[in-house]
Amino acid sequence: MQTQRFTALRRRATPALMSAGKFIIISAVTYGPGGIAGWAVKSVARRPLRLLLAAALEPLLSKVFKRLSARFIRENDEKTAK
């Protein structure tokens, strides 16, 4: 009896948890690079290095975050190459 309730609960909760996980990953990809780059720029004292970090760090971090998130979020019709 108890295992039937647990499996029913798990079956109903799985889509909601997957949606929440996707939301968290998408939010991290969207806002993470800017936040990390802002923190790095704020914590550096020398002005030339600050400008270099401001120009280069955010695009680099967004590429990294997108590649990492592509491993976790796949569309239903997307297939992996064999």
Side-chain angles (χ1 to χ4, degrees):
M1 183 76 163
Q2 194 75 328
T3 57
Q4 289 177 340
R5 285 184 189 171
F6 181 71
T7 55
L9 177 68
R10 194 170 89 188
R11 207 173 319 129
R12 277 185 263 134
T14 300
L17 289 175
M18 288 181 69
S19 295
K22 284 182 182 181
F23 176 75
I24 290 169
I25 291 174
I26 289 171
S27 297
V29 168
T30 304
Y31 300 113
I36 293 171
W39 171 79
V41 168
K42 186 171 60 174
S43 64
V44 171
R46 298 194 179 268
R47 188 167 180 92
L49 188 57
R50 252 186 173 175
L51 295 173
L52 180 68
L53 280 176
L57 196 58
E58 188 174 353
L60 180 71
L61 286 174
S62 23
K63 276 187 183 181
V64 169
F65 273 58
K66 282 180 186 177
R67 284 190 181 173
L68 285 175
S69 69
R71 294 183 182 198
F72 298 113
I73 297 179
R74 296 209 187 273
E75 296 297 323
N76 291 336
D77 59 343
E78 193 175 343
K79 304 269 183 188
T80 56
K82 289 186 179 181

Value rounded to 0.5 Å, distance of NZ in Lys22 from CG in Leu17: 12.5 Å
Taking every heavy atom of Leu57 against every heavy atom of Ala40, the minimum-distance pair comes out as CD2-CB, 3.6 Å
Nearest 0.5 Å, please: how far is CG in Leu60 from CZ in Phe65? 10.5 Å
Output the distance between atom CG (Leu53) and atom CD1 (Ile36), rounded to the nearest 0.5 Å. 12.5 Å
On a heavy-atom basis, which atom in Lys42 and which in Arg50 lie closest, and how many Å separate them? O-NH2, 3.8 Å
When rounded to the nearest 0.5 angstrom, what distance separates CE in Met18 from OG1 in Thr14? 8.0 Å
ILVMFWY cluster, Leu61 and Leu52 together (side-chain gap under 4.5 Å): yes
Closest heavy-atom pair and its distance - Glu58, Pro33: O-CB, 4.0 Å
